[in-house]
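See structure below.
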Amino acid sequence: MAASSVVVAQAALRYTALGLQGGCSMRMTRLHAPTLKEIPKDAEVPSHQLLMRAGFIRKLSAGIYDYLPLAQRVLKKISDIVREEMDAAGAQEVLLPMVQPAEIWQSSGRWQKYGPELLRLKDRKGNEFCLGPTHEEVIVDMVKRDVRSWRALPLNLYQIQAKFRDEIRPRFGIMRGREFLMKDAYSFDADEAGANASYDAMFAAYNRIFARCGLAFRPVEADTGAIGGSRSHEFQVLAETGEDAIVSCDTCGFAANVEQAELLKGEALEGEPASAPVEAVATPEQRTIEEVSGFLGRPATGFIKTLIVIADDKPYALLLRGDHELNEIKAKKLLGAEALMMADEAQVKAVTGAPVGFAGPVGLEGVEIIADYALINARGCVTGANLADTHLINVDLGRDFEPRRFADLRMAVAGDPCPRCEGKLEGFRGVEVGHVFFLGTRYTEAMGCTFLDERGREQPMVMGCYGIGVSRVMAAAVEQHHDEHGICWPRALAPFEVAVLPLQSNKADVVEAAEGLYAALKAAGIDALLDDRDERAGSKFKDAELIGAPLRVAVGGRGLKEGVVEVKPRRGDKVDVPLDEVVAYIQAQLAAL
RNA sequence: CGGGGUGUAGCGCAGUCUGGUAGCGCACUUGCUUCGGGAGCAAGGGGUCGGAGGUUCAAAUCCUCUCACCCCGACCA
């Protein structure tokens with residue numbers, strides 16, 4: 001009897017040690033969270049460095065990562081929020097295959113269009129497949145098979161699943177990986193009005209999701225890209241290290257990706273005095289705007305940048321102010337081109353007669369010249385002379401050359417006038433964590449996904465699709481919430497809500513108090529992490545800060561003599577709290593976060 | 001795909017030029033000491049030096065080929 005109770009006790013201990021006692025709390029000695037003192041050399045951005053150092057992720061291959069227990073906890077918290085809000089918005093969760101047959105991609109036309117980003121494979125019989133970078137084809141195929149009647153619409157289906165896109169250059173760790181976790185949803189409606197309502201519902205759900213995640217974000221107007229469609233918004237988490245540049249109006253609600261933000265034509269000034277006559281100056285080996293600007297001592301704003309582009313095999317000369325950047329998406333739309341490329345050396349030579357770096361609009365013939373709106377009053381400018389090592393100064397638009405037309409060709413920058421009101425645009429950097437598209441009937445028509453309406457007429461369904469980069473949300477949260485010591489998780493995403501640190505693992509009263517507090521927190525339903533390692537206080541503080549739980553409780557001999565422990569919010573000041581009040585105090589603090 | 005760079009212990013690196021017993025710091029194991037901000041001492045374990053081929057008595061080191069990874073650019077639902 002004594003022997004059997006020992007066995008039971010051992011088993012219980014083992015379960016306790018394994019953390020199987022229920023709840024989401026954990027002991028550090030059991031947690032697989034290998035922290036690093038040094039920054040891995042290939043990690044550049046904070047989210048990559050900190051997620052590596054704090055033991056959340058490890059790299060398996062370029063752009064492909066292992067998610068360790070801490071990361072999985074965060075992903076689960078994000079996914080749970082996503083599921084709750086998607087379900088509340090009337091969507092239903094499904095799980096679709098990741099390996100997809102070539103046929104459905106051929107039927108939508110994207111097997112040819114998608115390019116090398118689509119990872120293609122063959123099975124043993126030689127049949128072609130791809131790893132799903134997105135699931136429009138699969139979902140349309142599924143819906144068209146079984147949905148025949150207007151009565152079944154609207155329908156909104158979503159999944160949370162790994163996606164694979166063979167990015168040319170994966171970087172920034174989990175921010176831009178090749179494999180990543182994504183929530184993708186697809187709505188099917190009987191008509192455009194219904195599809196707009198579905199879009200609006202998703203837009204509202206996304207606002208709730210990112211707000212609940214504790215992130216500062218903005219929905220912005222976006223380009224619809226290769227996926228096609230008309231309405232589109234990106235959800236951008238504001239962070240300095242974000243890959244996307246966005247602008248928003250300081251007066252009205254306008255906000256857009258710089259790729260999308262339209263810019264208006266200014267007023268042409270009348271009676272502007274012509275500058276001095278055009279003059280050629282030698283600029284040996286000075287090719288870029290920066291070089292020539294430095295060489296001549298004139299600011300880039302006084303330059304006319306001449307870009308030779310090839311749009312579906314036809315060359316064009318696009319003129320921009322020297323300090324502005326071409327927006328290829330706008331140019332592509334303007335020229336109605338399928339493909340737009342910068343001309344190579346030979347093509348530039350053929351069009352301008354000069355090597356790359358010396359193109360200019362004056363005397364340029366046999367090619368259509370289109371000028372950006374910003375050049376409408378260009379006077380006294382510097383441009384290439386279409387002659388090696390030579391530029392022209394004092395060039396006036398209208399006097400020295402006349403573009404075929406003016407157009408909106410460039411990326412918006414901070415300080416530009418708002419296209420919707422009298423305000424000015426401000427610039428931000430963002431991490432794109434969500435994107436909603438109104439797709440229309442592009443896929444349903446191509447793939448024959450139709451239904452019978454109330455009058456028995458066959459109609460294509462009207463679609464929308466809605467993505468959230470779940471693993472990218474984790475990275476974006478770190479980008480937005482960290483300091484020099486580590487991650488500062490928003491409570492809603494934190495892998496643990498409280499870290500309990502017994503500061504002297506050799507003192508029985510300290511260990512006992514910490515164990516007691518840990519048990520009490522667990523009983524109160526709080527996700528606690530007990531650092532029960534035989535480490536010194538410094539190591540425990542460092543690791544706790546790296547991992548980034550919103551609250552830390554330090555249990556030390558010094559405080560215990562006074563009957564208190566020290567509670568410190570990850571980004572706040574320490575407070576001594578009596579041991580017998582600390583659970584209630586923590587509950588109150590967490591509720592306030 | 002173009003240009004540049006790196007592959008040596010889990011992480012960070014030296015050694016390569018000038019061939020001759022594979023090293024350092026951190027991490028890990030054991031013991032003693034220490035214990036409120038990444039401790040000290042001592043003793044250990046861990047490597048097909050990215051891979052293949054070649055030169056040589058002898059290759060981490062020299063030669064050829066190859067692979068992977070990183071950075072810049074191009075590209076990018």
Side-chain angles (χ1 to χ4, degrees), chain A residues 32 34-45 48-49 52-53 55 58-64 108 110 113-118 132-137 163-173 176-178 180 182 184 222-229 232 234 243-244 257 259 288 326 328-329 332 339-345 432 434-437 439 442-443 465-469 472 485-486 501-508 510-511 514 531 533-546 552-561 564-566 568 574 576:
Chain A
H32 182 54
T35 58
L36 306 172
K37 280 190 190 174
E38 292 177 273
I39 302 172
K41 64 168 181 180
D42 55 1
E44 291 187 290
V45 295
H48 191 188
Q49 293 177 347
M52 289 287 294
R53 283 192 59 209
R58 286 293 183 265
K59 185 171 74 176
L60 177 62
S61 183
I64 301 176
S108 73
R110 288 207 293 184
K113 268 195 160 179
Y114 215 95
E117 202 179 306
L118 186 65
T134 177
H135 280 71
E136 281 82 8
E137 281 79 3
K163 294 280 187 282
F164 193 92
R165 295 179 190 174
D166 198 0
E167 297 274 351
I168 296 175
R169 187 140 98 84
R171 57 182 132 182
F172 304 143
R176 189 176 198 75
R178 291 195 291 175
F180 54 97
M182 184 171 176
D184 48 326
D223 178 61
T224 50
I227 230 160
S232 174
E234 289 168 351
E243 281 195 276
D244 292 333
N257 194 303
E259 294 175 345
T288 66
L326 175 68
E328 293 194 27
I329 293 165
K332 217 158 148 178
L340 184 94
M341 293 186 310
M342 295 298 294
D344 62 30
E345 257 175 71
E432 181 191 350
H435 205 152
V436 292
F437 295 90
L439 289 179
R442 169 176 170 167
Y443 292 92
C465 75
Y466 319 93
I468 289 178
R472 190 184 270 184
H485 302 297
L501 313 188
L503 296 181
Q504 299 94 7
S505 46
N506 60 332
K507 288 190 182 163
V510 170
V511 171
D531 194 344
R533 296 175 301 172
D534 184 15
E535 288 286 341
R536 293 160 63 91
S539 300
K540 295 188 181 183
F541 284 133
K542 291 291 182 191
D543 278 342
E545 278 155 2
L546 259 184
R552 176 184 90 193
V553 185
V555 181
R558 223 164 57 195
L560 282 185
K561 286 199 186 102
V564 298
V565 294
E566 173 194 292
K568 182 183 177 301
K574 308 168 185 176
D576 281 340

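Lettering of chains follows the sequences in order, A, B, ..., and the numbering in each one begins at 1.
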> In whole angstroms, how far is the P atom of B:C11 from the CG atom of A:D42?
Replying inline: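 One finds 10 Å between P of B:C11 and CG of A:D42, rounded.
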Check: protein-nucleotides 2-10 of chain B nitrogen or oxygen pairs below 3.5 Å:
from	atom 1	to	atom 2	distance (Å)
B:U6	O2'	A:K41	NZ	3.4

Can you see if the side chain of [X] gets near the phosphate of [N] - specifically, an N or O under 4.0 Å from OP1 or OP2?
| X | N | value |
| --- | --- | --- |
| A:S61 | B:C69 | yes |
| A:R169 | B:C71 | yes |
| A:R53 | B:C11 | no |

Does [N] have a Watson-Crick or wobble mate here (both distances under 3.5 Å), and if so which one?
| N | result |
| --- | --- |
| B:A14 | none |
| B:G19 | none |
| B:A27 | none |
| B:A74 | none |

> Which residues pass the side chain to side chain contact (heavy atoms under 4.5 Å, CB included) test with A:K41, sequence neighbours left out?
Replying inline: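 Once residues adjacent in sequence are excluded, A:K41 has no partner under the side chain to side chain contact (heavy atoms under 4.5 Å, CB included) criterion.
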>> Using a 4.0 Å heavy-atom cut-off to protein, can you give one letter per nucleotide of nucleotides 25-36 of chain B, 5' to 3': B if the base is in contact, S if only the sugar-phosphate is, - if neither?
In response: BSS------BBB
>> Checking the side chain of A:Q49 only, and the main-chain atoms of A:A43 only, is there a donor and an acceptor separated by less than 3.5 Å?
In response: yes
